[in-house]
Amino acid sequence: MNLIPLLLVIPLAWALLSLLLPRLPIGLLALAGIVLQLGTAAMLWNNVQVHGASSYAIGDWVAPLGITLVADGLTVTLLAMTALIAVVCAFYAIFYLRAYEKERRYFWPLFWFLLAALNGIWLAGDLFNLYVGLELLTLSAVGMVTLSGERHALAAGLRYLYAALLGSLAYLLGVALLYGAYGTLDLGQLSSLLDANLMTQLALALMTFGLLMKTAVFPLHSWLPPAHGGALAPVSAILSALVVKSSFYILARLWMDAGDALMPVSAAQLLGTLGALAIIWGGWQAFRQSEIKMLVAYSTVAQLGYLMLLFPLAIGQSQQSAVLAWQGTMLHLLSHGFAKAAMFLAVGTLVLAVGKKRVVDMAGISAKMPLALFAFGLASISIMGLPPSGGFNAKWLLMQSAIQSGQWHWVAVLLVGSLITASYVFRVFSVSFQKDADPQIRSTHPALDLSALLLAAIAIALGFAAAIPVELLTLPEDML
Amino acid sequence: MNFWLPLLVLATSLVAALFIFTLPEERHALRGSFNLLAAVVKIALVGWMIIAVANQQTFETRFTLMGDIDFVLRADALSLLFAGLSSLLWLFTTIYAMGYLEGTPQRSRFFGFFSLCVASTMGVSMAGNLFTFLIFFEMLTLSTYPLVVHKGSAEALRAGRTYLFYTIGGGVALLVGIASLHALVGHTEFVETGVLRDVSPDLYPALTAIFVLLIAGLGVKAAIVPLHGWLPAAMVAPAPVSALLHAVAVVKAGAFGVVRVIYNVFGVEFSYQLGVLVPLAAVASFTIIWGSIQALRQSDIKKRLAFSTVSQVSYIILGLSLFGPIGTMGGLVHLLHQGIMKVTLFFCAGIFAETLGITRIRDLNGVGKRMPLTSAAFTIGAFGMIGIPPVAGFISKWYLGWGAMEAGLHWVLGVLLVSSLLNAAYFLPVIYRLWFARPAPEWPDEQIPAGRFETNPWLLLPTVITAAFSLGAGVFAAAAWSPLSWAELIAVREYLS
Amino acid sequence: MQFAFDSMLGLGLLACAAGVFWSRDLFRSVVMFIAFGLLLALTWVRLEAPDLALAEAAIGAGLTGVLLLDAIGHLRQHNEHSPRNHWLLPLLCCIALALLLILSFNARPEASISLPQLVAESLPESGVEHPITAVLLNFRSYDTLLEIAVLLVAAVVAMALNDGLAAAARTSTEQSNRDPVLAGFTSRLAPVILLVAIYVLWAGSYMPGGAFQGGAILAAGLVLLKLADFHIERYAESLLRLGLAFGFLVFLAVATSVMIGGRPFLTYPEAFAGQFILFIEAVLTFSIGLILFSLFNQSPGQEVPHDN
Amino acid sequence: MTTDFWFACIGAVLIAMALFTFIRHTHLLRRILAFNIMGSGVFLILVGLAQHQRQTDPVPQALVLTGIVVAVAATALALIIFRRFYQLSGRTELDEDQQ
């Protein structure tokens, strides 16, 4: 029984279970489902490590007629990350949602549909299948953002939905052009067929615009902060750690698998500049935010800028710096996932305990909530890219790639980015150490701090055990 | 066993930190005893390693972090010099801190981060390559920040912000230096006499730039003049923090980094050939003079001691940049001596503040009668700083001068002379006030009455011991296990092989 | 003659779209939108895509139009203030986009893979004669599975937002003042609609039709009943909710049960492929009908918006 | 200038018109209309381009069918959230969009 379809069936089945049988203990049901999924992801991870990449034709129809699912090193690492973050967020949500009775009923079905869409996207090898996966992801994410039903959540949900729909249409237009030109939708086949003509260039440009819109890269990022900042803590953790990365994953696959020879160097540098602007603008906005969740949301906008540095460092550069850039970007994607999820969970616990949202209301909490603050600290070490953390190793790889390809301006961007990140992170810390303020806090369940700590510890552990995922993240074959 | 020992030394304080973090606030006894136990175990392990390394054994922990980068902990002669100093002084400072923080809130948090700091100092001392060194160097920054802002007052938070601004900026410079070195050379291992001996000349400008970046990054923590701003500001921290961290651990980590870069990365011959040693000596000398002049102008005891640290650390860097075994020995031994003496001085400053509430120098009149032992310890420390025999300071200044003569840099001798005079200028008036000035009729805000001891025994005991150590290091300098002989052992290995 | 009709149809489409975008009154925009939908249905016929014509008419123009009209009904004022003033730059970008697209159409490389032949060759094993149903429910059935999931998620979010409302606000207060003409007409029409839906479903396996078109027609019938004040959903609230997810449940169950037999995911046994597809389509039609109806029924609106 | 190519060009113009309205108008309902028409334009290009000078291709037609259903789901969701937002705030634009 092949493992790949299991990763799709489990979340969809559990979505139905939690939708149709609300009287069951939803939390425990969810946990059982996710542990099963984590087990499957782990088994798939190790058999890809042993036997190498494998593909799976659905319905026994071989591409281009049917849809194939591809599980190579990168896919499997991302599947394992998704399962791990989902387990911890589910465990956190069971205790966190006790304070939110109304949202509990519909949180779990949407959570499972979102997970199914994510797994579908990581595994998909077909362009139109990716489109439907993105739509399922968007609708369930918008559903989770608007769960609370208050006015600001609805406005954030609407803004997110409109931006995502516009992005999806641009992506679909690109797919339409590619199908019109080459007659196939399978990414593997396309990567050998693509050649530089106006239709292909325009198609890839449109798809890039659509995916940039969905990844909230700098000029198109205005929908992300209200959506991630306003949502419930486990929701914003999953959105920032996983959902935003899926469209970047498609972009990276598209350019690195199929179009690496097609992207002109000037376009790659433009994407890099957008990334740099995102780092600086996002960081500056985060520094100026008064609400702590908005601060973390703008930090996501900034950190996504680092991912965009993949293109200038890989396209048109030497083979060695391209491999380093690819590994550095994917390691950053991983460690940012864990660290940002830990940060949102920790901040969620603090907001739940203090009852107020602003950074200044957090005065003196280091005495009252040491574990949550410690988790926030560990996570911010990885976000800032200070050793020993996964974030630092990723920054190191990107820096090596920039130095080897002689592009020192990206080294400067990396450094300025970590300085700005340090400025807004330590703003939270200096507030929390004030001695005379003693905030009244509600007691929160220790499980909340434990889950944030676990995720933060994984981000730090990535600093020491980065060798394991990095080997698996070898560049797609045709680039080597 | 050779693989696990360095990791074990690191683990003792890491485990202690994590355990103490989870301890509830009121468990004072358990926390105190656990702290002391960890300190004693660490000293025992480091002692064992010192003996083993003396007869040519090596300890190394190595595992691959990522691709071509390894995480290496190696205990060689140089690393044990710094590790020995830190672990010894950590024991005394822990005793002192337990006495000093009696009855104050947040002690679990304090001692947790305190052990984390020493764990990173151990990591800095035993790092086997620049990458591991950077990991623990940045961990030191992160774990000292909560100690600087421990009091939580607005002034402490401002000091914390300046501290972060300097140290994270330094960290960034260091990161760029190490990254470009790694890109240029392919690895950043510490090798006995340096890695870069046979590098082609057209790389010299790049290597000089990297050298400047590395020294700038390390210079922030070694408080070289333009980058020293955080040290006087950080004096707002509690006394044990200023004593162990800002006089020993953090500042020495910077100096130790400079030693590693010059001796084990660039190699002292190559750096001399590259022509970077003389400008470094110039910068160090300027810092010595400038630091001493600033110390003269300070009216607060701890601020004066802080500026004195700024200038004293540059003695070490001066010694290192003197091309020759004697100069190196002078620098290395001063690393140890200055540590012991400065800790004593900061302990005394802490006692004056805690017992009689004195923080300004002009209130010190006649304190000698009221607190003879503390004043005696302060005097020994001050004499050491000035370089008066038989205290340890004299030995290191003697070797520095001798090394300068060997290296043919006669102006360095002048610098030593002028700085010693300046040291005398800012320490002797304090000593005069202590012993010969007429005491005020009564001490306005005296917290600890003069019982059987002049102050809280927990504070007095470590101060007296460290004073005795600084005296002993001077008198028994020629003995087998003295700091001087250990420095000689290192210098011999650095130059001959 | 054909070219004249096509150009008329194309220009008609553009006129309707212009009408939608530039009429001041929202109600007129929505009406133009429905007209656009009908013209688009005609276009699909011209492009030899009868399935799409059916779907566009039933779902695109029909159901979306109903949802929009229902939304407009609850807005207090229909026209809105002037749009943003900076319009030159967006205009230029959009014109450039259109030109680029059209230019790129003829800079098209020769297609190396011809999917229609592949579909024609493997049509016999797919169990149905109509190629589009074969593609939808056999070759790319995974897409359809995800598509039903998308519909279900939309329904779930609608339910989530509605449960948030105070229960009182939802139950419409007015008693059943049924409009006799509408009621009479609807009660006679409903069985016919049901019959047409089932026929379209049944025909799907060998001629244009299928689950989606059948479901849309079923939904249209249910909406008509709701408008004629036959509140069927009050009787079986939980049954209705089960019905929403029933189609997806069956489709997933079938897809996974074949895996137990050792076949890959979503592979129907060759001999019974046709029966499997028909069974799945039947259940999907029922479910899609209910989902589309609940999207109409769940939309909040009775409560008068307060002015803040 | 076959029928397919003609309608593909019409699709392109529709997309341009819809995008222009999407950018200029901030009224949420008008944007839903623009989104739907843009979707129809993309579907026209998908089928028209695929069948231009080639035989009728069932695959793009199946894709468009799926696209239409997904579009109706997204539009329904947008409408439901908009009406709930309108109920709570009484406004038809998002906050920052207003002049």
Side-chain angles (χ1 to χ4, degrees), chain A residues 1-2 4-6 8-9 12-13 15-16 19-20 56-61 64-67 69 102-103 105-107 109-110 113 116-117 120 126 128-129 132-133 135-136 139-140 142-143 146-149 154 173 177 179-185 189 193 195 197-203, chain C residues 97 100-101 103-116 118-119 121-122 125-126 135 138-147 149-154 156-161 163-165 241-242 244-246 248-249 252-253 255-256 258-260 262-268:
Chain A
M1 165 104 84
N2 195 309
I4 293 181
L6 271 185
L8 301 175
V9 169
L12 289 175
L16 282 170
L19 181 64
L20 295 177
Y56 182 89
I58 292 190
D60 226 2
W61 304 107
L65 186 58
I67 299 167
L69 299 178
K102 187 161 71 69
E103 285 86 350
R105 168 73 181 81
Y106 288 102
F107 172 82
L110 291 174
F113 275 120
D126 179 283
F128 189 78
N129 189 264
V132 184
E135 284 296 300
L136 180 60
L139 290 193
S140 32
V142 165
T146 56
L147 261 183
S148 63
L154 292 170
L173 184 54
L177 291 178
Y179 183 77
Y182 298 98
T184 172
L185 287 166
Q189 288 185 336
L193 286 171
D195 61 352
N197 56 45
L198 177 63
M199 179 171 273
T200 318
Q201 302 273 17
L202 181 62
Chain C
L97 176 69
L100 254 174
L101 277 171
L103 262 173
S104 71
F105 285 167
N106 28 38
R108 187 174 68 157
E110 237 338 285
S112 45
I113 300 170
S114 156
L115 261 182
L118 284 171
V119 169
E121 284 146 19
S122 36
E125 301 107 33
S126 73
V135 169
N138 202 337
F139 302 144
R140 296 185 70 92
S141 47
Y142 177 49
D143 274 352
T144 317
L145 184 70
L146 284 184
E147 177 203 337
V150 167
L151 267 174
L152 197 53
V153 163
V156 164
V157 175
M159 278 194 281
L161 281 178
D163 284 8
L165 278 174
R241 290 207 171 176
L242 177 65
L244 293 184
F246 186 67
F248 184 70
L249 181 72
L252 192 66
T256 1
V258 289
M259 277 169 66
I260 299 160
R263 292 186 189 78
F265 186 59
L266 271 173
T267 323
Y268 310 119

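Chain naming here is simple, since letters A, B, ... match the order of the sequence lines and numbering starts at 1 in each.
Taking each heavy atom of C/Pro264 and A/Ala57 in turn, the nearest pair found is CB-O, 3.9 Å. A/Met199 and C/Ser104 get closest at one heavy-atom pair: CE-O, 3.1 Å.
Counting heavy-atom pairs closer than 4.5 Å to chain A, the top residue among C/Leu97, C/Leu252, C/Leu103, C/Thr256 is C/Leu252. Taking chain A as the reference chain and counting heavy-atom pairs below 4.5 Å, the highest number among C/Val135, C/Asp143, C/Val150, C/Leu146 is found for C/Asp143. Between chain A and the residues C/Leu151, C/Asn138, C/Leu242, C/Leu145, the largest count of heavy-atom pairs under 4.5 Å involves C/Asn138. Taking chain C as the reference chain and counting heavy-atom pairs below 4.5 Å, the highest number among A/Gly149, A/Pro5, A/Ser140, A/Ala15 is found for A/Pro5. Across C/Leu249, C/Val157, C/Val119, C/Val153, the residue that shares the most heavy-atom pairs under 4.5 angstrom with chain A is C/Val153. By number of non-hydrogen pairs under 4.5 angstrom with chain A, the leading residue of C/Gly262, C/Ala253, C/Ala149 is C/Ala149.
In this structure, the side-chain hydrogen bond (donor to acceptor under 3.5 Å, both in side chains) partners of A/Asp126, at least two apart in sequence or on a different chain, are C/Arg140. By the side-chain contact (heavy atoms from CB on, under 4.5 Å) test, C/Ala245 pairs with A/Leu16, A/Leu19, A/Leu20, C/Leu152, sequence neighbours left out.
A 4.5 Å side-chain heavy-atom check between C/Leu101 and A/Leu173 finds at least one atom pair inside the cut-off. At least one side-chain heavy atom of A/Leu12 sits under 4.5 Å from a side-chain heavy atom of C/Phe248. A 4.5 Å side-chain heavy-atom check between C/Leu115 and A/Leu65 finds at least one atom pair inside the cut-off. C/Phe265 is listed as a side-chain neighbour of A/Val9, based on a closest heavy-atom distance under 4.5 Å.
In this structure, chain A has heavy atoms under 4.5 Å from both the backbone and the side chain of C/Phe105. Both the backbone and the side chain of A/Leu136 come within less than 4.5 Å of a heavy atom of chain C. Within the 4.5 angstrom heavy-atom criterion, no atom of A/Gln201 approaches chain C. With a threshold of 4.5 angstrom between heavy atoms, A/Leu139 approaches chain C through its backbone and through its side chain. Neither the backbone nor the side chain of A/Ala203 comes within contact range of chain C, judged by heavy atoms closer than 4.5 Å. Interface remark: A/Leu202 contributes side-chain atoms only to the contact with chain C (heavy atom separation under 4.5 Å). Contact of A/Ile4 with chain C is not made at all, since no heavy-atom distance falls under 4.5 Å. A/Tyr56 touches chain C through its side chain: at least one heavy atom from C-beta onward sits under 4.5 Å away, while N, CA, C and O do not.
Atom CG of C/Leu161 and atom CG of A/Leu147 lie 8.0 Å apart (nearest 0.5 Å).
Distance alone, capped at 3.5 Å, places no donor-acceptor pair between the C/Tyr142 side chain and the A/Asn129 backbone.
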